[in-house]
Amino acid sequence: MTQNIQVYNTLSRKKEKFVPINKSHVGMYVCGPTLYGPPHLGHARPSVVFDVIYRYLLHVGYKVRYVKNITDVGHLENDADAGEDKIAKKARVEQLEPMEVVQKYTLIYHENMAKLNVLPPTIEPRASGHIIEQINMVEEILKNGYAYVANGSVYFDVEKYNQDHPYGQLSGRKVEDLLSETRTLDGQEEKRNSADFALWKKASPEHIMRWPSPWSDGFPGWHIECSAMSTKYLGQEFDIHGGGMDLLFPHHECEIAQSVGSGGKAPVKYWLHNNMITINGKKMGKSLGNFINLDEFFSGNHKLLEQAYSAMTIRFFMLQAHYGGTLDFSNEGLKAAEKGLNRILDAHKVLITLKPNGEGVDIQPTKEACYKAMNDDFNTPIVLASIFDMVKIINSIHKNLQFINEKNLTLLKTTFETFVFEILGLKNSETKNTSTDISNEIMNVLIDLRKEAKRAKNFTLSDSIRDHLAKIGVTLKDSREGTSWEVKS
RNA sequence: GGUCGCGUGGCCGAGUGGUUAGGCAGAGGUCUGCAACACCUUCUACAGCGGUUCGAAUCCGUUCGCGACCUCCA
């Protein structure tokens, strides 16, 4: 199946036709989380966005190697302890080994991702497991003359590099502007220019995460791990590199410089960036302290949350916006998402019971609209609009207000299920299907009793049954064919 | 200060030079013993000001407002 997919490439600031380097294989690298804390809503966005892209590429027939790293080393902090490794700092506070911290939050992260129905990447490399590759890459860059050693640390020489290769293309920066930056930051005195960035940092005596290297006992720089790991698993040139917009500069810019500076080739054909989640218009982020953890969403246990929201509600909420725009968090928005999602999932229950009832609707245009939307830079809000069109069609056929033949009914089922479940990755929340044979039988008894009561016009009794069930979360749904029931989570 | 982006109806959020986005909420109706669900109908738009055009919410300019990056961040 060939689809003409257009993607917005940050590098060119334009939509471009997606043509993979290898005809049938796609290499995709996405910057994963730095796990020194529980995952929050901000982490969920790139995970969901690139999960949908991954799912769609698989659906249209590509063989995809999807690499998403876990960063468990590196990254300096910008507070009073500047210069100290984030993981190491957290470890000190909690009196744990650094790897214990990473392990703890990795497990939570995986659990949260599974709840969001995010497929695992095909490779999930860790920075700490690729120290040798990172050292090798630093050596290559040094050999090529684009880096220098200062006091046991290694820095990338941006000015030198810029003489041979343009630096700043991805983020639209000018090197002369960067060089004139005058702020004083930690470690600046070792750098030749403020725009230079660390490839290897010598560890201070109290720094517990450290590895031997040709230059010092230390740890890798802030950007080298993604370059080293993407090169190792996807090669010097690969198709898609994704991540949050906040990583555009300096992280991704440095990745390009490191790859070009070591291997001589620009690593990425298409740079894709998801935009931020905002809360009251401000970016939700660790450093701003205004983030909400995913587990807090699932439990509703946070002062900004009016209720608990299921993982699927959060996934749906994100799919309602295009990945390139900011998405503002609000209880109102999430509640609307919850209702909309339930309508889709309820419609599927109806869909699987439908029988052809005549000639009428043509599903082909709806199907084409879905593909067209996905092909246009993965426009999930447009896909959802078509899905809601199908919801309307499904319910109308169910009521014999619209008519469908067998061919179109089959097409309706495959289109609906393909896009809702396979591509968008939505599913019924686990809490809903708790029915066992016994509870089914009990429900049948209650529904029959209510039917008898209604026949005898004993509405006090029939309503009492309905209201009591509603109180424990069981909704009765009357229709011409009889009464069905479901548990609302 | 530099770079980039945004401003759509009650809320969230697509799209675009002339034709319904969609969801949630609101209104009216059908269905129902009453409801819920569902279906039908329906109301609120494109920040302000100029310009280009037969025609702009959509292109250009400008003003105002907001945000992101420039330092770790998804």
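Because the structure is a prediction, the values reported are computed rather than measured. Chain identifiers are assigned alphabetically (A, B, ...) following the order of the sequence lines, protein sequences preceding nucleic acid strands; residue numbering begins at 1 within each chain.
- Of the candidates rA14(B), rG33(B), rC70(B), rG33(B) carries the atom nearest the R450(A) side chain, counting heavy atoms from C-beta on.
- With rounding to whole Å, D377(A) atom CG is found 12 Å from rA14(B) atom P.
- Pairing partner, rC59(B): rG51(B), with both Watson-Crick or wobble hydrogen-bond distances short of 3.5 Å.
- Look at the P atom in both rU19(B) and rC11(B): the space between them is 24 Å, to the nearest Å.
- For the atom pair F388(A) CZ and I393(A) CD1, the distance stands at 13.5 Å (nearest 0.5 Å).
- No hydrogens or angles were tested; on distance alone, nothing pairs the side chain of N275(A) with the base of rG5(B) as donor and acceptor under 3.5 Å.
- By the 4.5 Å heavy-atom criterion applied to side chains, I344(A) and F416(A) are counted as neighbours.
- In this structure, CZ of F219(A) is placed 12 Å from P of rC72(B), rounded to the nearest angstrom.
- Relative to the side chain of K282(A), the nucleotides rC40(B), rC37(B), rG67(B) differ in distance, and rG67(B) lies closest.
- Here, rG61(B) and rC72(B) have their P atoms 34 Å apart, quoted to the whole Å.
- For the pair L476(A) CG and rA38(B) C1', the computed distance is 16 Å after rounding to whole Å.
- Looking at the side chain of F249(A), the nearest of the listed nucleotides rC39(B), rC37(B), rC70(B) is rC70(B).
- Using a 4.0 Å heavy-atom criterion, one finds that L327(A) contacts the sugar-phosphate atoms exclusively.
- Side-chain atoms of K283(A) lie closest to rC69(B) of the nucleotides rA25(B), rC69(B), rG13(B).
- Nucleic acid contact for G42(A): base, since at least one base atom lies under 4.0 Å from a heavy atom of the residue.
- Among the protein residues, K454(A) comes within range of the nucleic acid bases, having at least one heavy atom under 4.0 Å from a base atom.
- Taking atom CD1 of I277(A) as the reference point, atom P of rC12(B) lies 15 Å away to the nearest angstrom.
- At the heavy-atom level, L247(A) lies under 4.0 Å from the strands shown only through sugar-phosphate atoms.
- Across rU53(B) and rG18(B), the matching C1' atoms stand 12 Å from one another, rounded to whole Å.
- Distance noted for atom P between rU44(B) and rU20(B): 15 Å (whole Å).
- Judged by atom type and distance alone, R466(A) reaches the base of rA35(B) through a side-chain donor-acceptor pair under 3.5 Å.
- With a 3.5 Å ceiling on both atom-pair distances, the Watson-Crick or G-U wobble partner of rG5(B) is rC66(B).
- Under the Watson-Crick and G-U wobble criteria, each requiring two contacts below 3.5 Å, nucleotide rC24(B) is paired to rG10(B).
- Between the side chain of K399(A) and the base of rC31(B), no donor-acceptor pair of N or O atoms lies under 3.5 Å.
- With respect to D478(A) and R450(A), a salt bridge is recorded, a charged nitrogen being found less than 4.0 Å from a carboxylate O.
- Pairing of rU19(B), defined by two Watson-Crick or G-U wobble distances under 3.5 Å, is not identified with any nucleotide.
- In this structure, the side chains of E255(A) and H251(A) come closer than 4.5 Å at one or more pairs of heavy atoms.
- Rounded to a whole Å, the CG atom of L401(A) is 14 Å from the C1' atom of rC37(B).
- The gap from the P atom of rG9(B) to that of rA45(B) amounts to 9 Å, rounded to the nearest Å.
- Map G244(A) and T278(A) each onto its nearest nucleotide of RNA chain B; the residue landing nearer the 5' end is T278(A).
- In this structure, N112(A) and H40(A) have side chains that are not in contact, with every pair of non-hydrogen atoms separated by 4.5 Å or more.
- Remark: the D478(A) side chain and the rA35(B) base include a donor-acceptor N/O pair separated by less than 3.5 Å.
- Remark: P of rA38(B) and CD1 of I397(A) are 16 Å apart, rounded to the nearest angstrom.
- Aromatic ring orientation, F249(A) versus Y167(A): perpendicular (interplanar angle above 60°, classes split at 30° and 60°).
- A distance of about 39 Å separates the C1' atoms of rG1(B) and rG10(B), rounded to the whole Å.
- Under the 30°/60° scheme for interplanar angles, the aromatic rings of Y371(A) and Y56(A) are found to be tilted.
- Using P as the reference atom, rG22(B) and rA35(B) are 28 Å apart when rounded to the nearest Å.
- Residues N379(A) and S330(A) each lie close to RNA chain B; by heavy-atom proximity, the contact nearer the 5' end of the strand is made by S330(A).
- We find that CE of M276(A) is positioned 13 Å from C1' of rC72(B), with the value rounded to whole Å.
- Dashed line: the shortest gap from a side-chain N or O of N395(A) to OP1 or OP2 of rC39(B) is under 4.0 Å.
- Two residues are said to be in side-chain contact when any heavy atoms from C-beta on lie closer than 4.5 Å; V30(A) and Y66(A) meet this criterion.
- The side-chain heavy atoms of M318(A) and I277(A), taken from C-beta on, include a pair separated by under 4.5 Å.
- As the counterpart of rU32(B), no nucleotide is assigned, since no Watson-Crick or G-U wobble pattern has both distances under 3.5 Å.
- Lacking a ring centre under 5.5 Å from that of the base six-membered ring together with a plane angle below 30°, F388(A) does not count as stacked on rG23(B).
- Counting any heavy atom pair closer than 4.0 Å across all strands shown, D463(A) reaches a base atom.
- For the OP1/OP2 pair of rA38(B) and a distance below 4.0 Å, the side-chain nitrogens and oxygens of R343(A) include at least one atom meeting the criterion.
- Between K174(A) and rU3(B) there is no side-chain N or O to OP1 or OP2 distance below 4.0 Å.
- Taking atom CD1 on I393(A) and atom P on rA38(B), their separation rounds to 16 Å, with Å as the unit.
- Of the C1' atoms belonging to rU52(B) and rC60(B), the separation is 7 Å, rounded to the nearest Å.
- Comparing rG23(B), rA21(B), rC73(B) against the side chain of D246(A) picks out rC73(B) as the nearest.
- Note on M245(A): nothing from the nucleic acid sits closer than 4.0 angstrom, heavy atoms only.
- Side-chain proximity of A321(A) to rG13(B), rU71(B), rC24(B): nearest is rG13(B).
- Comparing rC37(B), rG23(B), rA25(B) by their nearest atom to the side chain of Q320(A) picks out rG23(B).
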